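Below is one structure, written out as structure tokens, with a few remarks after it.
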Amino acid sequence: MGPHHGHREQRRGIIAVAGCLLLLGMVLTALPVAADPHGRAAPSTAGRALSVDAVIVSIGYTSNGTTKLHPNLGERVVFTINVRNVGIDNATWVNVSLGYSNGTPPTIDLGAVNRTGNLTNVSTSPNGWDFNFTLETLDAGLTVGTNYTFAADVGTHNDTNVTNDHFEVVISFEGPLFDQPIIAYLTTEPSSVELGQPIFLEMVVRNLGNNASINQTLTLSIDGVPLANQTIEELYPFTIFGDQYPLNTTWQTTNATIGVHEACAQVSPTVSQLCANVTVTEVLVPDLVVESFMVLPNATQVSEPVIFSANVVNLGTGSAAPCNVTFLRVANPFLVLNESRIFESLGPGEHATVSFSYNTTGLGVGSHKIRATVDREGVLAENNTTNNHLDVVLNLTSFPDLSPEGLNFTVGGVVANTAIVGQSVHVSTTVANLGYDTSPADAQLALLLDGDTELGRKGLLPLGPLGNFTKTFDWDTTGVPAGVHALCVQADPDETVVELDEANNRRCASFAISAVPSVPDLVVESLAITPLVIDLGAPLQLTTKVSVSGLKGDLETNLRYTFGPAGGAPGGPIETQAVFLSEAQPSKLVPLTWTASGTYASGVYDLCAQIDPHDVVEETQEENNRACGSVTLRDPVSFRFQLEVISVTFPGASAVKGKTAREEVAITSGKPVTLQTVLHNGGNAEARLTYLVFYIDEQNVGAQLIPPVGPGNNTTVNYTYSANEVGQLTFRLEVREGSPTGILRHDYHVPTVLLVRPAGSESAIIPMLYVIIAIALLLVIVVAVIALRRRPGPTYIDYRASRSAATTDDSEDEAVDYTSELGDE
């Protein structure tokens with residue numbers, strides 16, 4: 001009994017999930033049609049003139065795949081509702097709902113189904129659309145012999161007649177079969193496929209008898225050929241335990257024949273069989289063709305809009321899935337202008353049209369090949385893709401369009417829109433060519449006062465499409481009446497250039513001229529800060545230039561400095577200095593050295609200097625009394641390290657920090673030697689991104705990245721060097737931060753000299769010793785022979801005298817000493 005309890009749990013889980021999905025479907029389908037108790041969408045007033053009338057023609061139903069007037073409880077009943085459009089225009093959206101009741105509330109809702117697309121009228125589509133609903137009678141709480149009214153409703157967005165949208169059928173149910181296991185239902189999904197596509201088959205067996213069935217064989221077959229078999233040793237009555245048993249398989253139609261096939265589910269030895277038809281059709285392939293493509297107009301000015309319109313037709317045998325039509329400029333590289341989905345499904349012989357408006361600003365002057373292509377990504381499987389695009393030519397022309405884009409004034413190096421009579425005003429403007437053709441070389445730009453008085457004129461060099469440049473004028477205000485004036489710049493003042501737009505050639509701004517002031521005007525002309533990035537606790541050098549105009553006599557005022565976070569409210573005061581100005585000395589440079597204390601956090605700050613901070617001095621204007629600069633403070637800990645060389649080890653010798661005696665090391669030209677350097681970090685932060693740079697005779701011969709070294713730690717860096725020259729070389733090391741050419745942190749002159757000998761000289765030492773020894777032996781033999789020849793004949797002499805003479809012979813002493821020297825050498 002244990003396995004069947006598992007089936008029961010599985011079934012209950014499936015029923016729970018199906019119930020949730022059904023409830024969700026009921027809620028979702030109810031939302032858009034809440035205004036109608038039958039679930040229909042509210043009719044559109046705009047659609048009443050379209051003569052659309054969707055009606056339900058019939059409600060058919062089958063019980064376990066068999067047509068029965070009175071189904072048995074426990075069987076699956078499938079309702080098929082046929083809807084047709086008896087109007088003369090297409091219905092664009094159809095909603096069908098189904099529910100049932102025994103005459104008393106509530107009505108049980110089986111859900112609603114929506115379909116989009118065109119439901120054509122009966123003259124072109126006499127069969128209409130079918131909508132299917134499924135009822136599991138055993139789980140629905142139905143009773144035997146009771147009449148149930150099943151009511152269906154249909155609605156569309158543009159239905160002109162709602163009186164015929166309701167259809168009913170009355171059904172009563174017979175008692176369940178209690179004598180044998182039956183096939184509750186047979187599912188084929190889908191019921192029609194193209195050759196090669198799979199069909200999923202599933203049967204569910206229930207025992208509606210009173211006793212358990214033993215050894216029942218379940219079979220799924222196609223045209224009598226079994227696809228799957230399963231034996232059920234024991235199946236308990238469904239009415240008692242709710243037991244049921246599923247069997248499913250997939251039929252691969254790759255080798256099937258085209259036509260209708262019979263799919264059957266069978267239970268034996270008890271005879272129970274349920275069959276359904278499945279259809280295998282030939283492979284239907286779409287063939288999308290861009291039938292026509294046009295651009296209107298096909299010749300116009302740049303920046304003017306054009307209309308692109310493409311018509312696509314499906315000349316294939318199968319429907320085309322959702323697909324895009326892409327419009328692009330055929331160039332290198334391609335420029336996509338637009339991409340639109342024109343259909344959700346396009347059947348054989350059906351057409352679809354897509355149109356859009358495009359601003360040609362980005363294309364530029366000239367002839368452009370524009371292409372409309374369908375299924376550019378190659379999503380669809382077509383037999384022919386050469387007809388998927390069509391090209392047209394778009395010709396664009398244009399003219400230049402000169403337009404001043406801005407007007408700026410500076411007086412005495414300060415941006416201002418006011419000046420004192422006699423001051424020079426620096427006027428600058430940016431002239432842009434908003435057209436798509438180059439402006440002529442004789443174009444002019446004029447500076448005008450109050451719209452009529454020309455103050456100056458300058459030529460405009462040829463300016464390319466969408467280009468711009470800056471022009472400046474210096475205006476002497478001597479003799480200009482005090483008051484507010486309109487200062488204008490006008491491109492092409494004589495209107496000799498043919499342009500796209502003649503109305504944007506002038507740009508004006510107000511400018512005030514005041515009489516010579518009787519009161520002074522204090523100005524902070526500049527604030528220099530050095531450096532702009534500094535460690536906390538390090539000093540800043542500030543130099544402020546202040547000046548005064550219109551001063552008679554002497555003036556003493558204050559210069560206040562403030563410091564605060566960048567972009568925020570004005571910072572707090574940090575220093576105030578007295579400043580003395582006079583008619584004879586109207587400007588002054590004020591230096592200041594200031595140190596940011598540890599109360600500031602690292603970050604970006606605004607440092608400002610303001611003259612007359614409390615507005616004690618009456619001035620012509622107060623807006624020019626302040627100047628600011630940006631300063632970056634950084635935490636010094638991250639930069640406080642002291643990376644020093646402790647020792648350098650060479651082949652056969654080493655140099656230690658502080659050693660002054662010169663030490664010579666012999667190496668061989670062309671033979672690599674490894675120099676080992678030990679470094680120590682004597683700071684309080686880790687040394688990162690540091691390099692050890694090697695110099696031979698002050699020539700940079702290489703650099704090595706130093707691994708990160710923590711405070712108080714050592715590290716070793718090996719560097720392999722091969723000398724190309726012969727002679728005496730000096731050696732030096734540098735520690736640099738950031739890169740091999742970055743900040744110099746340490747310069748270490750190693751008191752070591754490299755003696756580079758020629759290649760192969762070390763291998764010739766031993767043979768040379770042999771030659772020296774041979775020469776020495778030869779000399780000994782020669783000396784001995786000479787001594788023997790000097791001996792007299794058989795003369796009797798004093799032996800002791802001869803002995804004495806032999807021991808004091810100079811030649812023998814020299815030979816012995818020379819041999820000794822060779823041996824030492």
Side-chain angles (χ1 to χ4, degrees), residues 3-4 7 10-11 14 60-80 132-140 142 144 171 173-193 198-253 256-257 259-280:
H4 300 289
H7 296 315
Q10 180 184 14
R11 185 188 67 81
I14 293 173
Y61 57 93
T62 58
S63 179
N64 277 15
T66 304
T67 302
K68 291 183 180 181
L69 183 61
H70 301 289
N72 292 96
L73 289 180
E75 296 179 334
R76 169 184 283 185
V77 179
V78 177
F79 294 88
T80 301
N132 294 325
F133 296 83
T134 301
L135 173 65
E136 298 289 350
T137 60
L138 195 63
D139 303 322
L142 304 173
V144 175
I171 304 175
F173 295 88
E174 296 180 351
L177 303 176
F178 291 105
D179 55 350
Q180 61 185 8
I182 67 167
I183 301 172
Y185 57 85
L186 169 66
T187 300
T188 61
E189 182 66 32
S191 60
S192 178
V193 298
I199 296 179
F200 177 77
L201 307 176
E202 182 179 27
M203 62 182 290
V204 172
V205 177
R206 295 173 178 169
N207 182 2
L208 299 183
N210 297 321
N211 300 314
S213 61
I214 306 298
N215 294 331
Q216 299 291 328
T217 300
L218 280 58
T219 304
L220 285 171
S221 62
I222 295 291
D223 296 334
V225 179
L227 294 179
N229 293 281
Q230 180 68 47
T231 299
I232 308 173
E233 295 182 359
E234 191 173 26
L235 184 63
Y236 285 90
F238 186 82
T239 55
I240 300 175
F241 297 109
D243 275 8
Q244 63 182 22
Y245 199 91
L247 175 64
N248 58 70
T249 188
T250 299
W251 179 38
Q252 299 291 344
T253 64
T257 58
V260 179
H261 298 266
E262 187 179 48
C264 291
Q266 185 175 9
V267 180
S268 60
T270 303
V271 178
S272 178
Q273 180 171 296
L274 188 61
C275 296
N277 289 333
V278 293
T279 304
V280 178

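FYI, side chains are in, hydrogens and waters are out, and symmetry mates aren't considered; it's all heavy atoms of this structure. Nothing here was measured: the structure is a model prediction, and the numbers come from that model.
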Partners meeting side chain to side chain donor-acceptor pair (under 3.5 Å) with N215 (sequence neighbours left out):
none
The criterion is ring pair (Phe, Tyr, Trp, His ring centres under 6.0 Å); which residues satisfy it with F79, sequence neighbours excluded?
Y61, F150
Ignoring hydrogens, what is the shortest heavy-atom contact between P71 and I171? Give both atom names and the distance.
CD-CG2, 3.8 Å
Partners passing side chain to side chain donor-acceptor pair (under 3.5 Å) against N132 (at least two apart in sequence or in another chain):
T80
Are any of the side-chain heavy atoms of Q244 and P246 separated by less than 4.5 Å?
no
Assess the residue pair L201 and I222 against the criterion (side chain to side chain contact (heavy atoms under 4.5 Å, CB included)); give the C-alpha distance rounded to whole Å, side-chain angles, the decisive distance to 0.1 Å, and a yes or no.
CA-CA 10 Å; L201 307 176; I222 295 291; 3.9 Å; yes
Among T187, T137, L135, whose side-chain contact (heavy atoms from CB on, under 4.5 Å) with R76 holds?
T187
With rounding to the nearest 0.5 Å, note down the distance linking OG in S63 to CG in L69.
11.0 Å
For the pair V77 and T134, evaluate side chain to side chain contact (heavy atoms under 4.5 Å, CB included) and give the outcome as yes or no after the intermediate values.
CA-CA 6 Å; V77 179; T134 301; over 6 Å; no
Specify the closest pair of heavy atoms between M203 and Q266, including all atoms of both residues, with the distance to one decimal.
CE-O, 3.9 Å
Test of understanding: with side chain to side chain donor-acceptor pair (under 3.5 Å), list the residues that count as partners of N229, not counting sequence neighbours.
T219
Can you tell me how far apart CD (Q230) and CG (N248) are? Round to the nearest 0.5 Å.
10.5 Å
Please report the C-alpha distance between L218 and I232 in whole Å, then the side-chain angles of each, then the deciding distance to 0.1 Å, and finally whether the side chain to side chain contact (heavy atoms under 4.5 Å, CB included) criterion is met.
CA-CA 8 Å; L218 280 58; I232 308 173; 3.0 Å; yes
From CD (Q216) to CD (E234), nearest 0.5 Å:
11.5 Å
Might you point out which heavy atoms bring T250 and P198 nearest each other, and give the distance in Å?
CG2-CB, 3.6 Å
Any idea which heavy atoms bring A263 and T188 closest together, and the distance?
CB-CG2, 4.2 Å
Side chain to side chain contact (heavy atoms under 4.5 Å, CB included) partners of T62, counting only residues at least two apart
T67, V78
Considering non-hydrogen atoms only, spot the tightest contact between L186 and A276 and give its length.
CD2-N, 4.0 Å
Are any side-chain N or O atoms of D223 and backbone N or O atoms of E262, one a donor and one an acceptor, separated by less than 3.5 Å?
yes
With sequence neighbours left out, write down each residue that passes side chain to side chain donor-acceptor pair (under 3.5 Å) with S221, or none if nothing qualifies.
none
Test side chain to side chain contact (heavy atoms under 4.5 Å, CB included) on Y245 and R206 and set out the steps.
CA-CA 7 Å; Y245 199 91; R206 295 173 178 169; over 6 Å; no
Of the non-hydrogen atoms in V280 and T257, which two are nearest, and what is the gap between them?
CB-O, 3.7 Å
